[in-house]
Amino acid sequence: MNRSLRLNLALVACIAVTVLLSLMAGKVWIPLDAWVAGDPRWPIIAELRMPRTVLAILVGGALGVSGAAMQGYLRNPLADPGLFGVSSGAALGAVISLYFGYTASAWLLPAFALTGAGLTMAILALLVGRSGSMIVFTLAGVILSSVAGSMTALAISLAPTPFATSQIVTWLMGALTDRSWDDVWLALPLLALGGTLLALTGRTLDALTLGESAARSMGVDPLRLQLLIVVGVALCVGASVATAGIIGFVGLIVPHLVRPFVGNRPSAVLLPSALAGALLLLLGDCVVRAMPTVSELRLGIAMSMLGGPFFLFLLLRMRRGLA
Amino acid sequence: MLTLGGRRVLDAISTTFTPGRVTAVLGPNGAGKSTLLSCLAGLRTPDEGRVLVDGQPRSALSMRDLARQIGLLPQGADVHWDVDVATLVALGRYPHRARWGETKADGAAVARAMAATDVTQFATRPMTALSGGERARVLLARVLAGEPQWLLADEPLANLDPAHQLGTLECLREVTRSGAGVILVLHDLNHAIRVADEVLLLCDGRIIAQGTPEDVLTPQRIAETYGVSSHIGTTPDGVRFIVTSQMAR
């Protein structure tokens with residue numbers, strides 16, 4: 001059994017155990033013997049914790065595989081799926097729906113967020129054109145991210161009511177609180193499609209290890225690769241933001257966690273990153289739920305608290321490597 | 001013809017490369033050597049004219065088919081992730097990839113390429129643990145693993161010590177024995193006369209001369225092309241050499 005397979009099986013086993021924990025843990029601890037349809041606590045599991053658990057797996061997996069694909073594509077270990085502005089665009093879409101108070105239907109906010117992600121992706125494609133250049137791609141992403149970020153800030157500062165401001169700020173922090181099966185059914189097809197597109201890039205990302213010229217001489221089509229990456233990451237990140245808000249750092253962290261076990265080959269990092277992302281978000285969600293705080297700690301904040309020091313650790317390690 | 005940034009980098013180039021032979025592309029800096037190689041490998045498209053591969057227009061071939069026929073070793077090739085040697089050499093099989101994983105033929109081609117460049121003993125070592133010379137051999141092995149009909153290398157001897165330079169030249173000569181053609185961009189005239197069956201001399205994007213090293217690399221032509229004077233001699237064991245010096249003013 002090779003080391004990739006061993007790691008993937010271990011991660012699947014850990015996810016299975018954490019799923020049980022996720023269904024039991026929360027403000028109310030629900031032991032296994034209460035998992036029967038007639039038990040009064042069963043609706044908590046079936047209607048609240050199950051969709052939340054499934055969503056944590058889906059969103060964590062999508063962010064993990066997106067991070068691994070982005071790092072492989074940009075050949076930069078510090079790349080993050082939020083780099084090309086799709087998460088900021090999705091957030092802006094959601095913020096606009098909150099600004100105008102379009103919260104009557106459960107579908108409106110995610111629909112606005114997905115529209116924001118789609119529009120950002122389309123503008124990105126227009127800006128990059130047929131050049132296929134990675135530098136143009138990155139710069140265009142940074143510009144879009146900054147424009148969407150400034151418009152989000154504008155929406156917060158001009159929000160019509162304090163309630164709208166509070167809703168926007170809270171939503172931006174990212175969480176899986178009160179998510180339903182509707183959110184799962186909305187996100188599932190988009191995340192599945194996005195994940196599949198990114199899985200197709202594996203061997204091409206390997207070829208890119210040798211640089212753009214060598215990869216092109218080996219038959220890599222840079223435009224096709226860019227299209228797969230942009231659409232794949234946009235679907236994964238857009239659907240994640242639409243259902244869970246902005247949860248940063250997962251895509252940055254998990255590829256680094258799996259590389260010591262599977263090596264640096266970009267294709268070998270994709271699947272374990274998806275599994276590790278799912279596990280990380282699931283564990284994080286269990287922790288924020290079980291914490292004895294008056295209101296639940298937002299998952300996005302918890303991930304940032306983990307991600308910031310991890311980023312610093314990466315920086316120090318890179319600096320040591322350069323010394 | 002090819003224009004880059006308003007400058008005509010290649011102009012009225014018309015030439016044919018012969019399979020089973022080593023052709024050295026020579027010329028001063030900015031002559032258009034690397035650009036010519038990029039055009040041949042399909043990385044650049046000429047503004048006018050076309051490239052034929054075995055009589056077929058290059059544009060008629062898919063990127064994958066072209067990559068199967070032409071292997072390129074770019075100048076100063078980078079390795080962006082610290083993968084092990086065997087993984088890196090196996091990347092050379094990318095144009096031949098089957099839908100599901102590596103085939104026996106892939107494994108055999110990788111083993112042959114590693115043996116030919118004498119890197120088999122490093123198979124499990126990470127690329128960062130190799131010396132410059134070892135690294136250059138591994139990168140050459142990557143191209144050889146693709147078993148191309150044409151091997152194009154842009155300054156493959158840069159950063160190598162004399163022993164590894166000669167070893168690499170011998171390895172490249174060996175490639176032609178299977179009938180493949182080798183096109184090298186070189187700066188050192190001595191390497192060219194040592195390895196090449198044919199020399200293509202470029203200057204300002206034009207072909208100055210093409211033929212055997214003896215015919216092309218004459219003191220007069222070297223002076224006209226490089227602006228240096230030269231002395232051509234032969235060692236006691238029959239190896240030709242060129243010594244260049246600044247021209248008397």
Side-chain angles (χ1 to χ4, degrees), chain A residues 2-5 68-79 130-134 199-225 255-256 258-271 273 317-318 320-322, chain B residues 34 37-45 61-84 86-102 106 124 126-128 135 138-140 142-143 145-146 148 150-154:
Chain A
N2 68 32
R3 54 188 186 158
S4 283
L5 186 59
M70 285 291 281
Q71 290 180 9
Y73 178 61
L74 297 175
R75 290 162 284 155
N76 184 342
L78 299 182
R130 293 187 59 80
S131 69
S133 159
M134 230 172 275
L200 293 174
T201 63
R203 297 188 71 173
T204 312
L205 292 178
D206 289 349
L208 212 56
T209 297
L210 293 160
E212 262 178 295
S213 294
R216 284 177 59 204
S217 75
M218 288 157 69
V220 168
D221 180 347
L223 278 176
R224 179 181 175 273
L225 175 63
H256 291 277
V258 302
R259 280 194 190 104
F261 300 98
V262 297
N264 290 320
R265 192 161 51 94
S267 66
V269 177
L270 290 178
L271 178 59
S273 290
R317 199 173 67 172
M318 281 177 77
R320 246 200 331 267
L322 291 172
Chain B
S34 297
L37 224 56
S38 300
C39 281
L40 297 175
L43 302 186
R44 292 187 189 281
T45 305
L61 296 169
S62 69
M63 293 177 85
R64 189 174 170 180
D65 286 340
L66 186 67
R68 282 178 172 183
Q69 294 198 40
I70 299 177
L72 173 71
L73 181 62
Q75 198 175 348
D78 298 321
V79 179
H80 293 275
W81 294 106
D82 189 18
V83 293
D84 62 54
T87 301
L88 190 123
V89 176
L91 289 178
R93 297 301 294 171
Y94 182 85
H96 302 268
R97 67 195 183 281
R99 192 166 289 277
W100 305 110
E102 194 178 272
D106 292 332
T124 55
M127 286 297 284
T128 44
R135 202 177 154 88
V138 171
L139 291 169
L140 177 60
R142 190 276 296 170
V143 184
W150 293 93
L151 192 155
L152 278 50
D154 196 351

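Protein chains get the first letters and strands the later ones, always in sequence-line order, with residue 1 at the start of each. All figures in this text were calculated on a predicted structure; none of them were measured in a lab.
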With heavy-atom distances below 4.5 Å as the criterion, would you say the side chains of [X] and [Y] are in contact?
{"X": "B:T87", "Y": "A:N264", "result": "no"}
{"X": "B:P74", "Y": "A:E212", "result": "no"}
{"X": "B:Y94", "Y": "A:D206", "result": "no"}

A:M218 and side-chain contact (heavy atoms from CB on, under 4.5 Å): which partner among B:R142, B:R97, B:M63?
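So, applying the side-chain contact (heavy atoms from CB on, under 4.5 Å) to A:M218 and each of B:R142, B:R97, B:M63, only B:R142 qualifies.
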So which atom in [X] and which in [Y] form the shortest heavy-atom distance, rounded to 0.1 Å?
{"X": "A:Q71", "Y": "B:W81", "answer": "O-CZ2, 3.2 Å"}
{"X": "B:L91", "Y": "A:A207", "answer": "CD2-N, 4.1 Å"}
{"X": "A:G219", "Y": "B:A67", "answer": "N-CB, 3.5 Å"}

Does any heavy atom of chain B fall under 4.5 Å from the side chain of A:P77, the backbone, both, or neither of them?
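It is both, since atoms from each part get that close.
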Which bit of B:I70 is near chain A, if near means a heavy-atom gap under 4.5 Å: side chain, backbone, both or neither?
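Interface part for B:I70: backbone (N, CA, C, O).
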Can you tell which part of B:R68 gets under 4.5 Å to a heavy atom of chain A, answering side chain, backbone, both or neither?
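Interface part for B:R68: neither.
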